[in-house]
Amino acid sequence: MTAGSSDSVTKLLPMVFADPGEALARARALLDADPSPLDASVAHQVIGIWQRDFGDLRLALRHLRRARECAARADSADREADVLATLGVALVHAGRTREGLAAFERGVARGSGHTRARVLYRRAYVWWVLGHHREALEDVRRAVPVLRQADDVIWTARALTLRATVHLALGSVERAEADFTAAEALWDTTGQEHDKADAVESRGLAAFRSGDVPAALRLLDEAEERYARLGTPTFMLNIRRCEVLMAAGLAPEALAEADAAIGKLDGLGGQPTRKAELLLAAARAARPAGDPHTAIARAALAVRLFAGQRRTWWETHARLVLIEARHAAGRGSGRLVADAAAVAAKLASFGSPAAPEASLLAGRIALDLGWTADAERHLAVAARSRRSGPPLARMTGWAAQALRAQAAGSARGVLEACRRGLDVLDDHRMTLGASELRARATEQGAELAALAQRASLVSGGPRRLLVWSERWRATVLSTPPTRPPADPELLSGMTAFREIASRAEAARMEGRPVPALEREQRRLEREIRSRTLHMRGEAPGSGDRFDVGRLLERLGDEVLLVELAVLDGRVQVLLCGRGRVRRFEAGLLAEAETEAEHVQAGLRRLAHPGADARLPVVEAAGRRLEELLLGPAAAQLGGGPVVIVPPGRLHRVPWALLPSLRERVLSVSPSAGSWLRARETAPPPDGCHVLVRGPGLATGGAEVPELAARYGCATVLEGDGARVPRVLEELDGAALAHIAAHGTFRADSPLFSSLRMADGPIVVHDFERLARSPYRIILSCCDTARLASVGADELLGLVTALLPLGTAGVLACSAPVNDAAVVPLMLALHKGLDAGLSLAEALRDARASLPGDALHQATGWAFSAFGAA
């Protein structure tokens with residue numbers, strides 16, 4: 001590469017991205033050996049590259065200037081040109097854009113042939129950083145043929161990777177994938193480990209752009225592992241993962257990742273360009289994470305940094321996020337409409353895929369202000385994206401089309417646009433294998449579902465409102481989740497997680513400190529969750545479409561189903577049965593949530609002896625809840641069985657406490673569709689009974705020995721026999737399972753909600769491995785019915801993990817209960833089941849058989865029967 005420099009010295013430059021630590025050490029050793037100016041130039045450049053990309057940018061600039069001085073003293077034009085290109089990249093990353101571009105001008109002028117092609121490649125990279133995509137493509141076009149002719153595998157692969165990344169920024173996914181494939185074939189012939197990690201990261205970005213979120217998460221995690229082995233932090237990976245996490249509905253995690261990366265970057269003295277990009281990522285995440293004020297602060301700072309760095313493309317995208325955040329914070333004005341429209345025009349001129357999003361925003365704000373003509377103009381532009389592009393871009397287009405129809409007073413047009421948009425999201429959602437991702441992805445359809453519900457309320461009557469209430473409720477339960485792969489690392493991680501969790505629990509009971517164990521448990525949880533999120537969906541389509549006629553036929557003349565929909569904060573009661581659907585208006589959801597919390601607090605107190613004086617207070621709260629949740633519909637329930645279908649935010653209501661429901665056969669279901677599927681689920685022809693006793697119960701699971709005597713041939717798992725692998729083996733395909741074990745609900749990570757077994761917790765991820773979960777399952781301890789409300793109206797937890805896997809009925813508890821008072825309730829319940837009753841019928845009779853004191857009454861109210869078995 002440079003005449004007069006030894007081969008061993010010239011090999012240091014490619015080594016920076018093959019073995020960064022070794023390259024840095026050798027460069028420092030070379031400088032200590034009093035090298036020639038030419039060799040010193042290479043050594044300083046190596047150190048400058050390492051500091052620029054992985055360390056302190058100020059040190060990088062110092063070494064790169066020394067490298068240029070040494071090259072000038074050696075009178076090597078190509079060496080000087082090469083250093084000028086490296087210096088130009090560092091200056092641009094430092095925010096000194098004009099100075100950096102000037103260095104490139106000198107580098108292009110000084111270099112020749114092969115060296116000039118490398119300079120052009122690096123200038124193309126800088127154009128990409130600045131958002132000048134056409135200029136980037138032009139410089140790559142000039143560089144690639146020369147690099148190929150010189151048989152320069154490394155730099156050709158870099159140029160192809162860069163060109164693919166620019167294509168992705170312009171929305172050309174197919175061109176990008178072709179370049180990534182060609183580059184990867186070249187990387188396979190080299191030892192450039194950091195470049196190879198970058199190629200994996202880039203493939204993750206391409207997978208995301210093509211709509212494959214699980215593959216994107218898997219590839220980004222693989223790239224992170226490769227970077228970690230090399231000890232080379234890369235903040236571009238954090239930025240890209242934030243984008244993927246956002247699309248997966250994990251905005252709070254994206255915000256946490258961006259903020260953590262900003263702190264790390266500041267600590268290193270890293271690149272201001274990357275800090276601006278991380279601030280933009282944080283701003284994008286903060287708004288859907290429910291923090292518009294943080295979004296405003298991060299976006300405003302990003303705008304200022306991008307402007308100072310002369311990065312107009314990036315600055316315009318940051319302005320879009322800033323306007324979105326201001327609108328989310330309740331700020332609306334004609335100025336904001338004009339700003340959004342100007343951003344949309346500028347993004348369109350850049351060829352940015354975000355342009356429709358900006359037009360949609362301008363249309364929304366105009367609609368809020370009553371400017372229908374302006375809104376129509378902007379929404380019509382945004383609606384063009386509904387026909388092509390990745391799923392979320394098409395969703396933007398259909399949302400714009402729905403708002404156009406709403407403004408025009410066309411309920412039919414609103415419903416059609418909402419249907420088409422949610423179909424797009426359905427297709428995207430079913431590519432996701434993890435139930436958590438499927439649930440969280442529904443948040444992206446919440447606006448369309450709400451628009452359709454409003455339109456159906458106005459024009460279609462109660463039946464249509466029921467259909468649209470069901471259209472985006474508990475969709476995760478409509479198809480079984482993808483079974484976790486038989487991945488040895490995942491299985492060993494689950495085993496290690498159980499062991500650590502068991503050791504931590506034992507230490508807590510003995511009063512010993514557990515911080516180290518808890519840290520290791522959290523690490524294992526992150527690994528397990530990460531591998532689970534990599535699963536790709538297998539189920540075709542979006543499950544059965546809900547049929548009101550089929551529901552009414554199954555309900556017959558005796559059973560009533562009460563579905564609670566929420567429109568504009570008010571509860572709408574849909575009373576289904578006896579061949580028709582009727583609608584009643586009840587109270588405000590916010591007030592009902594507050595009252596439900598009071599009830600939960602009351603039940604917690606009643607779980608302890610001596611709290612009888614609280615019973616009238618809790619019963620009064622139950623009466624207020626009935627007024628808020630059922631309103632006038634309560635008087636129309638008759639005396640037959642009732643199925644309650646609440647919204648996700650009301651899943652903890654103890655429905656049996658409501659006066660009109662207290663003495664009747666009552667079951668709960670996440671959706672009418674899931675009740676139908678449970679109703680039509682046949683029991684296994686040869687399923688057995690399984691009784692499980694976990695450790696540490698106050699009563700020792702006292703009902704289990706009596707139940708074992710009742711059922712005779714039941715499989716009993718207790719003591720050391722109640723270990724997770726054996727329990728799962730016996731539960732698979734059982735007709736009835738009764739599990740007496742401590743339940744723990746994890747609000748921070750609902751799929752790690754658990755039941756304690758002899759060898760540690762059995763978690764939701766374990767249940768998802770079952771080929772068929774028990775037809776009926778009884779969970780007799782605290783908190784087993786607690787669920788996390790996520791997405792549009794989805795629930796994650798133990799109960800909802802079981803329902804799509806073949807379980808038709810679950811009995812579980814939504815509040816802390818007194819273990820001793822549970823025993824007579826369970827024995828009475830099983831007496832009813834043995835007589836052929838359903839779970840709901842047996843629970844009603846079991847409650848009636850309990851003593852009338854507050855402790856036993858509260859215990860009965862805390863349990864609910866889910867499903868239809």
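Values in this document were obtained by computation on a predicted structure and should not be read as measured data. We number each residue from 1, following the sequence as shown.
No hydrogens or angles considered: nothing links the side chains of Glu525 and Ser749 as a donor-acceptor pair under 3.5 Å. A donor-acceptor contact closer than 3.5 angstrom links the side chains of Gln45 and Arg79.
Within the 4.5 Å cutoff, the side chain of Leu524 has heavy atoms near those of the Glu520 side chain. With contacts defined as side-chain heavy-atom distances shorter than 4.5 Å, the pair Phe208/Leu217 does not qualify. The shortest distance between side-chain heavy atoms of Leu219 and Glu201 does not fall below 4.5 Å. The shortest distance between side-chain heavy atoms of Leu168 and Val173 falls below 4.5 Å. Two residues are said to be in side-chain contact when any heavy atoms from C-beta on lie closer than 4.5 Å; Thr161 and Trp187 meet this criterion. Side-chain contact between Glu243 and Arg209 is present, with heavy atoms from C-beta onward closer than 4.5 Å. Looking only at side-chain heavy atoms (C-beta outward), Leu432 and Pro214 come within less than 4.5 Å of each other. Under the 4.5 Å side-chain criterion, counting only non-hydrogen atoms from C-beta, Ile49 is in contact with Leu13.
Judged by distance alone, with hydrogens and angles left aside, the side-chain atoms of Arg311 form a donor-acceptor pair with the main-chain N or O of Val129 at under 3.5 Å. In this structure a side-chain-to-backbone donor-acceptor pair under 3.5 Å is missing from Glu80 to Arg68. Counting only distance, with no hydrogens or angles, the side chain of Gln444 and the backbone of Ala247 share a donor-acceptor pair below 3.5 Å. Panel note: side chain Thr316, backbone Leu347; no donor-acceptor pair is recorded below 3.5 Å. Between the side chain of Ser349 and the main chain of Lys346, a donor-acceptor pair closer than 3.5 Å is present. Side chain of Thr431 to main chain of Asp212: no donor-acceptor pair is present (N/O by atom type, distance under 3.5 Å, no hydrogens or angles). Judged by distance alone, the side chain of Arg116 and the main-chain N or O of Val108 form a donor-acceptor pair under 3.5 Å. A distance-only check finds no donor-acceptor pair linking the side chain of Asn238 to the backbone of Glu257 [under 3.5 Å]. With Gln309 contributing its side chain and Pro272 its backbone, the two residues share a donor-acceptor pair below 3.5 Å. Put simply, the side chain of Thr189 never gets that close to the backbone of Ala185: no donor and acceptor are under 3.5 Å apart.
Surrounding CG of Asp188 are more than 12 heavy atoms belonging to other residues, nucleotides or ligands, all under 6.0 Å away. Enclosure of atom CD in Glu22 by more than 12 non-hydrogen atoms of other residues, nucleotides or ligands within 6.0 angstrom is indicated. The number of heavy-atom neighbours closer than 6.0 Å to CG of Asp266, taken from other residues, nucleotides and ligands shown, is above 12. Heavy atoms of other residues, nucleotides or ligands lying less than 6.0 angstrom from CZ of Arg106 number more than 12. Crowding of Arg66 atom CZ: a count of heavy atoms from other residues, nucleotides or ligands under 6.0 Å not exceeding 12. In Arg523, the CZ atom is crowded: over 12 heavy atoms of neighbouring residues, nucleotides or ligands sit closer than 6.0 Å.
Test Arg531, Arg226, Arg241 against Asp221 for side-chain hydrogen bond (donor to acceptor under 3.5 Å, both in side chains) and you get one pass: Arg241. Partner Trp127 forms a side chain to side chain contact (heavy atoms under 4.5 Å, CB included) with one of Val140, Leu137, Val166, Leu101 and no other, that one being Leu101.
Classification of Glu69 and Arg65 as a salt-bridged pair fails, no side-chain N sitting under 4.0 Å from a carboxylate O. Salt bridge present: Asp82 and Arg122 bring a charged side-chain N and a carboxylate O closer than 4.0 Å. A salt bridge is absent between Glu138 and Arg123; no separation between the charged side-chain nitrogens and carboxylate oxygens falls under 4.0 Å. The pair Arg229-Glu193 does not count as a salt bridge, with every side-chain nitrogen at least 4.0 angstrom from each carboxylate oxygen. By the 4.0 Å N-to-carboxylate-O rule, Arg440 lies too far from Glu253 to be salt-bridged with it. A salt bridge links Asp259 and Arg298; the closest N-O separation between the charged side-chain nitrogens and carboxylate oxygens is under 4.0 Å.
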Exercise. Going through the checks in order, is the side chain to side chain contact (heavy atoms under 4.5 Å, CB included) test met by Arg158 and Tyr121?
Worked result: CA-CA 8 Å; Arg158 287 174 180 165; Tyr121 155 74; 3.6 Å; yes
For this session: Check step by step if side chain to side chain contact (heavy atoms under 4.5 Å, CB included) holds for Phe752 and Ile528.
Result: CA-CA 10 Å; Phe752 279 96; Ile528 292 164; 3.9 Å; yes
For this session: Please report the C-alpha distance between Arg203 and Glu222 in whole Å, then the side-chain angles of each, then the deciding distance to 0.1 Å, and finally whether the salt bridge (Lys or Arg N to Asp or Glu O under 4.0 Å) criterion is met.
Result: CA-CA 11 Å; Arg203 283 197 293 119; Glu222 181 185 337; 5.0 Å; no
Problem set entry | Test side chain to side chain contact (heavy atoms under 4.5 Å, CB included) applied to Arg26 and Val46, step by step | CA-CA 9 Å; Arg26 289 192 186 186; Val46 166; over 6 Å; no
For this session: Would you please test Arg769 and Leu491 for side chain to side chain contact (heavy atoms under 4.5 Å, CB included) and show each step?
Result: CA-CA 11 Å; Arg769 290 186 174 281; Leu491 294 173; 3.3 Å; yes
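Taken to the nearest 0.5 Å, the CZ atom of Phe17 stands 6.5 Å off from the CG atom of Asp195. Annotation: the span from Met236 atom CE to Asp198 atom CG amounts to 10.0 Å, rounded to 0.5 Å. Taking OG1 of Thr234 as the start and CD of Glu224 as the end, the distance is 10.5 Å to the nearest 0.5 Å. Between the CH2 atom in Trp155 and the CG atom in Leu160 there is a gap of 13.5 Å [rounded to 0.5 Å]. With rounding to the nearest 0.5 Å, the separation of CD in Glu527 from CZ in Arg522 is 14.0 Å. Atoms OH and CG, from Tyr227 and Leu220 in turn, are 9.0 Å apart once rounded to the nearest 0.5 Å.
His167 and Phe180 have their aromatic ring centers separated by at least 6.0 angstrom. When ring centroids are compared, His194 and Phe54 come within the 6.0 Å threshold.
Here the closest non-hydrogen pair linking Gly191 and Ala18 is O-CB, 3.3 Å. Here the closest non-hydrogen pair linking Pro14 and Ile154 is CB-CD1, 4.0 Å. When all heavy atoms are compared, the tightest approach of Leu237 to Ala223 is CD1-CB, 4.3 Å. Shortest non-hydrogen contact noted between Leu305 and Ala276 is CB-CB, 3.8 Å. Taking all atoms of both residues into account, the shortest heavy-atom contact from Ala40 to Cys70 is CB-SG, 3.9 Å. Considering every non-hydrogen atom in both His428 and Pro391, the closest pair reads CB-CB, 3.9 Å.
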